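What you see is a predicted model, and the numbers here were worked out from it, not measured in a lab. Each chain gets a letter, A, B and so on, in the order the sequences are listed, and its residues count up from 1.
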Amino acid sequence: MTTPEPSSASNFIRDLVVADQAAGKHGGRVVTRFPPEPNGYLHIGHAKSMALNFGLANEMSGGICHLRFDDTNPTTENPEYVQAIQDDVRWLGFDWHGKMFYASDYFEQLYAFAVVLIRKGKAYVDSLTPDQIREYRGTLTEPGRDSPYRTRSVDENLTLFARMRAGEFPDGTQVLRAKIDMGSPNINLRDPILYRIRHAIHYRTGSTWCMYPSYDFAHPLSDAIEGITHSICTLEFEDHRPLYDWVVAEADAPHRPQQIEFARLNLTSTVMSKRKLLELVEKKLVAGWDDPRLPTLKGLRRRGVTPKAIRAFCEHIGVAKRDAIVEMQLLEHFIREDLNKRSPRVMAVLQPLKIVLDNYPDGLVEELEAVNNPEDPSAGTRKIPFSRILYIEQDDFKEAPPKQFYRLAPGREVRLRYGYIIKCVGVTNDPQTGAITELHCTYDPDTRSGATQEQRKVKATIHWVSASHAVQATMRLYQPLLLPDQAKPAADQDWTRSLNPQSLELLTNCWVEPSLRTAEPGSRFQFERQGYFCVDSDSSPDALLFNRTVPLKDAWAKIAKAQQTPI
RNA sequence: UGGGGGAUCGUCUAGCGGUAGGACGCCGGCCUUUGGAGCCGGCUACCUAGGUUCGAUUCCUAGUCCCCCAGCCA
């Protein structure tokens with residue numbers, strides 16, 4: 001079920017649908033449809049379409065949105081995708097209320113519609129070769145020419161079409177074409193192909209058919225059969241609309257849906273086309289359709305993104321007809337917004353630096369109380385073990401601290417989150433490399449969190465983990481899939497060369513607080529001061545594996561970057 | 001040198017004849033035991049040129065630029 005969300009801003013499609021219903025068009029019914037072809041996985045662009053179609057149906061009284069598999073091409077489709085698509089639609093939070101259909105269920109009816117067209121002299125069987133058909137079609141600036149088979153009699157067409165169905169012709173030898181206008185300035189109207197022969201096994205109809213309807217024929221009629229009132233699609237179908245209307249009218253369809261087009265979603269620094277996504281998967285440039293770097297719904301899910309964040313994003317970006325490229329930062333904003341409210345906080349050290357509290361009693365372990373979620377008091381508190389040897393983040397110490405660096409440095413103090421104020425009194429370096437191997441600090445026993453006498457202020461609070469209690473874990477950090485524009489190769493080069501080689505970073509020596517030992521795959525956390533992380537599906541209690549969904553905003557990183565690149 | 005669409009802050013988007021609003025982002029401040037979150041303030045836009053009008057981002061005209069269409073894909 002869709003969770004109620006703040007009513008979205010109006011857009012031209014919503015306005016139109018609202019006006020239609022108010023005017024009593026289609027008897028006041030509103031029926032939309034989400035019609036994926038089961039030849040790949042759904043991505044966030046589909047989410048925009050779903051938000052529109054299901055969203056509209058949900059908010060209009062009596063509205064309904066069908067899920068329809070547009071499976072008219074047996075060579076690219078399979079049931080794996082059908083299942084995955086259903087899972088994704090449900091995961092995103094949409095419900096088709098039992099109205100799930102397949103274009104392939106309409107093959108018999110579609111055949112009958114084609115016969116109607118033939119009888120009316122509006123369709124004919126063409127025996128030109130594919131190459132000839134292309135030649136006869138003309139170009140953008142030159143009109144096409146009539147096929148010599150265009151004037152076949154109705155009876156001959158009927159016979160030929162029946163023989164096509166009967167399997168008497170090999171692939172590519174005959175097609176059924178609409179008889180419209182070979183001179184039309186709109187190429188889609190130059191006798192478009194309605195049926196093509198394909199001796200292929202369809203994943204649902206098997207070998208029942210050896211010819212299949214094209215999109216331009218099947219789609220409008222499927223809409224009409226289902227009583228779709230508003231058939232919403234993307235801009236590239238705009239000049240198919242006259243054909244859509246022609247098919248519905250000439251085939252004497254029982255109902256006339258209205259096609260409306262909107263601009264598809266584009267996102268910066270990622271790829272959204274099915275062709276490119278498939279290429280990444282097939283060439284094993286990513287781990288699979290659910291690789292967390294991909295904008296597929298499966299990928300976003302595995303990365304830890306919530307359905308709610310995706311829906312909020314889709315509502316926010318709006319619906320219009322102008323081409324647009326939405327910044328990834330906007331998606332990240334909605335991800336953080338949702339995760340901030342729901343994620344339990346936890347401490348984890350990604351790049352450990354050992355520190356020894358010289359004056360803390362050896363063997364003593366204190367249980368410190370930590371807040372689970374400051375945004376949600378009902379989340380309660382938990383205990384975290386504290387002891388003499390800890391790990392802190394390497395980035396939280398600098399031997400020579402730059403300006404505005406508030407964290408630990410020789411002689412400086414910081415607070416350990418939920419613990420004590422400590423002071424750095426010594427740095428041990430590797431005699432060979434000079435690298436810092438450990439820090440020596442002292443703690444101030446009067447400054448334990450919550451202690452009444454605690455008055456002192458320090459500029460920074462850092463996270464930590466008790467070395468002997470922490471659990472080792474592996475982290476996967478993600479960067480954009482694509483390189484920034486400036487770093488991309490020329491457009492004529494292989495696009496995969498613009499892939500970011502650093503899109504995945506693996507950190508294997510990380511330490512998380514003990515409460516995470518039993519964290520379930522799929523559960524989400526905020527690692528304090530670092531970001532939102534999700535337990536990967538491949539994680540296990542002895543081999544914890546987390547994916548970073550999105551980092552927290554990092555004010556220091558911004559300052560540090562500005563210091564590096566002075567104007 | 002065909003046809004179909006589209007142009008508003010850096011990015012999305014609202015506006016439907018009364019002189020541009022929201023969000024992201026960015027900058028500054030407050031607050032803070034997350035340099036998180038939150039709060040406050042600031043930033044920048046109507047593609048161009050004519051016309052109509054008391055008044056145009058909105059209407060008209062002419063340009064410019066961008067996107068889509070020549071699959072027996074969808």
Side-chain angles (χ1 to χ4, degrees), chain A residues 9-11 15 35-37 39 70-73 75-76 126 128-130 133-135 137-144 171-177 184-190 192-198 211-212 214-216 218-219 233-242 261 263 265 268 274-275 313 316-334 336-337 340-341 345 347 371 374-375 404-407 414-419 421 447 449-450 454 457-463 526-532 551-559:
Chain A
S10 79
N11 62 61
D15 293 347
E37 183 188 10
N39 68 346
D70 224 342
D71 53 355
T72 57
N73 183 356
T75 60
T76 58
D126 197 350
L128 252 23
T129 66
I133 286 180
R134 192 180 327 114
E135 277 176 44
R137 185 154 36 223
T139 68
L140 293 179
T141 51
E142 302 157 25
D171 289 6
T173 55
Q174 315 285 344
V175 285
L176 184 73
R177 290 233 251 171
S184 172
N186 180 348
I187 292 179
N188 296 292
L189 263 19
R190 319 240 263 229
I193 286 161
L194 269 21
Y195 270 88
R196 72 283 207 195
I197 297 173
R198 273 284 213 264
M211 65 178 188
Y212 294 88
S214 63
Y215 167 88
D216 283 316
H219 202 92
C233 63
T234 41
L235 249 28
E236 67 269 29
F237 294 106
E238 207 153 18
D239 47 21
H240 290 235
R241 195 191 326 141
E261 310 84 11
L265 170 66
T268 58
K274 246 175 201 177
R275 185 205 115 215
F313 169 74
H316 187 90
I317 56 175
V319 177
K321 293 194 73 159
R322 70 184 86 99
D323 296 306
I325 305 176
V326 179
E327 289 176 342
M328 190 62 87
Q329 293 165 113
L330 186 62
L331 208 211
E332 292 182 349
H333 163 77
F334 285 100
R336 287 194 190 95
E337 183 176 74
N340 175 48
K341 292 184 192 113
R345 313 289 128 124
M347 291 203 284
V371 172
E375 302 290 321
Q404 294 180 79
F405 182 86
Y406 303 149
R407 282 107 97 146
V414 293
R415 172 174 289 284
L416 293 177
R417 182 83 159 144
Y418 300 119
I421 291 175
T447 58
S449 274
E454 174 220 324
K457 295 272 183 196
V458 286
K459 288 203 114 176
T461 296
I462 65 174
H463 58 95
Q526 183 199 93
F527 289 178
E528 294 219 29
R529 303 206 306 134
Q530 304 196 97
Y532 297 98
L552 246 30
K553 286 205 220 166
D554 187 346
W556 164 245
K558 210 169 268 185
I559 294 166

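- Across all strands shown, A:Gln404 has heavy atoms under 4.0 Å from base atoms, whether or not it also approaches the sugar-phosphate.
- B:G4 adopts an anti glycosidic conformation, its chi angle falling more than 90° from 0.
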Open item on the list: Just to be sure I follow the notation: if a pair is Watson-Crick (purine N1 to pyrimidine N3 plus N6-O4 or O6-N4) or a G-U wobble (N1-O2 and O6-N3), each under 3.5 Å, what dot-bracket string does RNA chain B give, with | for pairs to another strand?
Closed with: .((((((..((((....[..))))((((((.......))))))...(((((..]....))))))))))).....
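- Look at the P atom in both B:A14 and B:C66: the space between them is 24 Å, to the nearest Å.
- Remark: P of B:C12 and CE of A:Met328 are 14 Å apart, rounded to the nearest angstrom.
- Backbone-only engagement by A:Leu330 is indicated by non-hydrogen atom pairs under 4.0 Å involving sugar-phosphate atoms exclusively.
- Scanning for ring pair (Phe, Tyr, Trp, His ring centres under 6.0 Å) contacts around A:His333 gives an empty result, with sequence neighbours left out.
- Within the nucleic acid shown, A:Tyr532 has no heavy atom closer than 4.0 Å to any nucleic acid atom.
- The side chain of A:Arg190 places no N or O atom within less than 4.0 Å of a non-bridging phosphate oxygen (OP1 or OP2) of B:G3.
- Within 4.0 Å (heavy atoms only), A:Lys558 reaches sugar-phosphate atoms of the nucleic acid but no base atom.
- Scanning for side-chain hydrogen bond (donor to acceptor under 3.5 Å, both in side chains) contacts around A:Glu332 gives an empty result, with sequence neighbours left out.
- Between the P atom of B:G71 and the CG atom of A:Asp126 lies a distance of 15 Å, rounded to the nearest Å.
- When heavy atoms are screened at a 4.0 angstrom cut-off, A:Val319 is found touching the sugar-phosphate backbone but no base atom.
- Residue A:Arg322 has its side chain nearest to B:U13 when only B:U13, B:C72, B:U34 are considered.
- Using a 4.0 Å heavy-atom cutoff across all strands shown, A:Lys457 reaches sugar-phosphate atoms only and no base atom.
- For the C1' atom pair drawn from B:A74 and B:U64, the interatomic distance equals 33 Å after rounding to whole Å.
- Nearest to the side chain of A:Arg196, among B:G35, B:C72, B:G22, sits B:C72.
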TODO: Could you run through nucleotides 65-70 of chain B and give me one letter per nucleotide, 5' to 3': B if any protein heavy atom sits under 4.0 Å from the base, S if only the sugar-phosphate is that close, - if neither?
DONE: --SBBB
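- Contact annotation: side chain of A:Arg415 to base of B:U33, donor-acceptor pair present below 3.5 Å.
- Heavy atoms of A:Phe334 sit nowhere under 4.0 angstrom from any nucleic acid atom.
- The CD1 atom of A:Ile462 sits 20 Å away from the P atom of B:U32 (whole-angstrom rounding).
- Taking every side-chain heavy atom of A:Ile317 into account, B:C12 is the closest of B:C12, B:C72, B:U34.
- Across the protein-nucleic acid pair, A:Tyr418 atom OH and B:G36 atom C1' stand 11 Å apart, rounded to whole Å.
- Residue contacts for A:Ala263: at a heavy-atom cut-off of 4.0 Å it reaches no nucleic acid atom on any strand shown.
- Among the atoms of the strands shown, none is found under 4.0 Å from any heavy atom of A:Leu189.
- Between B:A37 and A:Lys553, a contact under 4.0 Å exists linking OP1 or OP2 to a side-chain N or O.
- Contact annotation for A:Glu528: base contact, defined as any heavy-atom pair under 4.0 Å involving a base atom.
- At a threshold of 4.0 angstrom between heavy atoms, the contacts of A:Arg345 include nucleobase atoms, whether or not backbone atoms are also involved.
- Each of B:U34, B:G5, B:U13 was ranked by its minimum atom distance to the side chain of A:Glu238; first place goes to B:G5.
- The side chain of A:Pro374 has B:U34 as its nearest neighbour among B:G6, B:C12, B:U34.
- Applying the side-chain hydrogen bond (donor to acceptor under 3.5 Å, both in side chains) criterion to A:Arg322, with sequence neighbours excluded, gives no partner residue.
- Going from atom NZ of A:Lys321 over to atom P of B:U13 covers 14 Å, rounded to whole Å.
- Atoms OH (A:Tyr212) and P (B:C72) sit 18 Å apart, rounded to a whole Å.
- Residue contacts shown for A:Thr72 are limited to sugar-phosphate atoms, with no base heavy atom under 4.0 Å away.
- Listed by chain and number, the residues in a side-chain contact (heavy atoms from CB on, under 4.5 Å) with A:Gln329 are A:Glu327 (sequence neighbours excluded).
- For A:Arg417 and A:Glu142, each mapped to the nucleotide of RNA chain B holding its nearest heavy atom, the one lying further toward the 5' end belongs to A:Glu142.
- The distance between atom NE2 of A:His333 and atom C1' of B:G38, rounded to the nearest whole Å, is 13 Å.
- Between the CG atom of A:Asn340 and the C1' atom of B:G35 there is a distance of 15 Å, rounded to whole Å.
- Across all strands, A:Gln329 comes closer than 4.0 Å only to sugar-phosphate atoms, never to a base (heavy-atom distances).
- Contacts of A:Leu128 with the nucleic acid, taken as non-hydrogen atoms under 4.0 Å apart, include base atoms.
- Between A:Phe334 and A:His316, the ring-plane angle classifies as tilted under the 30° and 60° cut-offs.
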